[in-house]
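These notes concern the structure reproduced below.
Please read all numbers here as calculations on a predicted model, not as lab measurements.
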Amino acid sequence: MAIELPSTRMNTLAAAWSAFLPLTETDWREARKAPDACDFMTGDPQEGPLAGYVETLQQNLIPERHDWFGYHQGNPEAAEAAAKSLREWCGVPFEPQDIALTNGGFGALAASIRAATDPGDEIIFNLPPWFAYEAMVRDAGAVPVTVHIDRETFDLDLAAIADAITPRTRAVIVNTPHNPTGKIYPPETLERLALLLDEASTRYGRAIYIISDEPYNRIVFDGKRSYTPAEFYPRTFLCYSYGKVLLAPGERIGYAALPPTMPERKQMRMALTLAQASSGYLIPNTVMMYALPELERMSLDVEHLQQKRDLLVDELRAIGYSVHRPEATFYLTPESPIDDDWSFARMLAEEHVYTMPGSMFSLPGYFRLSLTANDQMIERSIPRFKAAFERAHQEQSATQLQAAAGTDD
Ligand code: PLP
């Protein structure tokens with residue numbers, strides 16, 4: 001039952017997070033930590049930290065100046081390391097002064113949304129979304145407008161985005177590679193999106209921005225690469241988090257980067273700083289900033305993640321599940337063998353396999369698995385996925401037989 005909160009703002013935020021409510025009624029959060037559990041629920045690490053990670057943080061904890069732990073809104077070496085890595089990756093000549101270091105992707109998104117919008121502005125985002133978009137948009141006083149991705153190809157539905165644009169549209173949030181489908185939006189799609197946003201900005205005499213959410217842009221498979229909208233559209237905020245590639249989402253660092261082609265980038269730099277300061281200091285801890293040039297060179301083992309993807313896709317298909325092979329990210333999104341994905345996720349939980357039902361993120365009929373589960377969990381999970389699949393089919397057949405018998409009476 002929904003609890004009445006002390007302010008309208010908090011009631012609005014509670015509604016924005018309400019898809020999580022059914023989860024609070026389960027004991028999964030604790031149960032998934034049991035020794036024989038198979039935890040596919042979130043992108044949390046299921047193994048120790050990356051080699052060298054702890055040592056890097058330890059080294060940067062030792063003060064080199066009197067103000068080592070003082071207020072530092074940024075850090076030139078960290079900003080240059082991030083800009084250099086972006087330049088090498090996508091060829092856009094990002095400059096260090098246009099990198100606003102944030103406490104992760106959350107901070108980058110919140111600051112970008114606030115920097116770009118006025119209360120009442122509309123922000124379009126795509127379904128299935130990442131969980132926090134609606135709450136962040138509403139908390140900024142902006143209005144969420146949603147469109148569904150193409151259900152067949154998982155690509156952006158550009159016609160639906162075009163239809164959703166109004167004179168109040170200020171931004172479109174694009175998440176590439178996409179959580180939960182693992183889709184990398186192709187350059188042609190991003191190019192066409194850029195054209196349509198240019199045209200709409202001119203038509204309404206008001207710039208529309210892309211807020212590009214890209215925490216998985218280094219976690220791509222099969223030798224592919226991800227593309228940032230900043231390669232195609234100058235008015236892009238590139239929001240990044242190191243939490244995924246370093247498998248350390250609790251150690252907060254990321255950035256919002258503005259491409260040098262953004263016409264009002266000087267004003268936007270200032271706007272980002274104001275948004276960071278006014279929204280509760282959305283800036284990383286100093287140690288994380290000092291460590292960033294070294295952290296930039298570290299990565300989880302993407303090849304191993306790809307092997308886990310292939311093993312799970314092949315095994316699940318052999319059981320009878322319908323599942324596509326994602327191009328990137330941590331996630332697999334198989335179809336639930338029965339329409340009610342919550343019921344199916346509960347059946348899996350009874351087998352001690354913990355997943356996220358698609359209804360929690362506007363993808364009913366599916367469920368999501370995180371490939372951050374370790375090898376032992378994956379191995380243990382296969383017979384359990386089989387048992388739940390068979391049970392779902394048996395129960396569905398029994399219900400259908402009962403319904404048919406009822407009709408005959
Ligand atoms: N965007 C997407 C699509 C995500 O999946 C996540 C984390 O799950 C984030 C942003 C936020 O990342 P972080 O917690 O590292 O800030």
Side-chain angles (χ1 to χ4, degrees), residues 3 5-20 42-44 57 60-61 67-76 78-79 82 96-121 123 125 129-144 170-171 173 175 179 209 211-215 237-244 246 248-258 265-292 295:
I3 302 171
L5 296 172
S7 66
T8 310
R9 179 204 295 268
M10 285 308 127
N11 283 314
T12 304
L13 292 188
W17 286 102
S18 60
F20 274 87
T42 67
D44 267 321
L57 297 196
N60 287 285
L61 196 56
D67 67 344
W68 197 244
F69 300 123
Y71 283 117
H72 298 282
Q73 284 233 334
N75 174 277
Q97 64 269 30
D98 294 321
I99 309 283
L101 295 169
T102 61
N103 45 359
F106 266 99
L109 288 164
S112 301
I113 289 170
R114 282 172 186 268
T117 58
D118 272 325
D121 281 350
I123 301 190
F125 60 82
W130 179 56
F131 305 102
Y133 293 153
E134 182 179 347
M136 282 188 181
V137 169
R138 289 202 187 278
D139 199 41
V143 180
R170 188 54 155 173
I173 301 178
N175 167 217
N179 168 5
Y209 293 89
I211 297 178
S212 183
D213 181 19
E214 309 187 22
F237 294 78
L238 193 166
C239 298
Y240 185 68
S241 167
Y242 290 88
K244 311 295 173 190
L246 298 175
E251 291 299 315
R252 313 288 307 156
I253 187 148
Y255 55 76
L258 307 175
R265 76 172 155 146
K266 286 206 179 85
Q267 294 91 318
M268 213 41 105
R269 249 188 242 160
M270 178 79 173
L272 276 174
T273 306
L274 291 171
Q276 286 177 280
S278 315
S279 310
Y281 207 70
L282 303 178
I283 292 167
N285 285 338
T286 48
V287 174
M288 294 309 291
M289 292 197 274
Y290 302 140
L292 193 139
L295 297 178

So, taking the atom named [atom1] in [X] and the one named [atom2] in [Y], what distance separates them when rounded to the nearest 0.5 Å?
X      : Y      : atom1 : atom2 : result
Arg138 : Trp17  : CZ    : CH2   : 13.5 Å
Leu295 : Leu57  : CG    : CG    : 6.0 Å
Glu134 : Ile173 : CD    : CD1   : 11.0 Å
Asn175 : Ile211 : CG    : CD1   : 12.5 Å
Leu13  : Thr8   : CG    : OG1   : 11.0 Å
Ile123 : Met136 : CD1   : CE    : 11.0 Å

Over all heavy atoms of both residues, which pair between [X] and [Y] is shortest? Give the atoms and the distance, please.
X      : Y      : answer
Cys239 : Ser112 : SG-OG, 3.5 Å
Gly254 : Tyr242 : CA-CD1, 3.9 Å
Gly43  : Pro249 : O-CG, 4.5 Å
Leu61  : Phe69  : O-CZ, 3.2 Å
Ile99  : Ala82  : CG2-CB, 4.2 Å
Leu101 : Ala78  : CD1-CB, 3.7 Å

> What residue among Gln276, Arg252, Met288 forms side chain to side chain contact (heavy atoms under 4.5 Å, CB included) with Ile283?
Replying inline: Gln276

> Given Phe237, which of Ile113, Leu109, Leu258 fulfils the side chain to side chain contact (heavy atoms under 4.5 Å, CB included) condition?
Replying inline: Leu258

> Does the side chain of Leu238 come within less than 4.5 Å of Tyr255's, by heavy atoms?
Replying inline: yes

>> Could you check whether any side-chain heavy atom of Asn285 comes within less than 4.5 Å of a side-chain heavy atom of Glu251, counting everything from C-beta outward?
In response: no

> Is a side-chain donor or acceptor of Arg170 paired with a backbone partner of Gly120 at a separation under 3.5 angstrom?
Replying inline: no

> Any donor-acceptor pair under 3.5 Å linking the side chain of Asp67 with the backbone of Gly70?
Replying inline: no

> Leu292 and Ile253: side-chain contact (heavy atoms from CB on, under 4.5 Å), yes or no, with the steps?
Replying inline: CA-CA 8 Å; Leu292 193 139; Ile253 187 148; 3.4 Å; yes

>> Which residues pass the salt bridge (charged side-chain N to carboxylate O under 4.0 Å, His left out) test with Arg269, not counting sequence neighbours?
In response: Asp98

> For the residue pair Tyr281 and Tyr71, does the interplanar ring angle fall in the parallel (under 30°), tilted (30 to 60°) or perpendicular (over 60°) class?
Replying inline: perpendicular

>> Ring centroids only, cut at 6.0 angstrom: are Trp68 and Tyr290 within range, meaning strictly under it?
In response: yes

>> For Asn60 and Met289: C-alpha separation, side-chain torsions, deciding distance, then whether side-chain contact (heavy atoms from CB on, under 4.5 Å) applies.
In response: CA-CA 9 Å; Asn60 287 285; Met289 292 197 274; over 6 Å; no

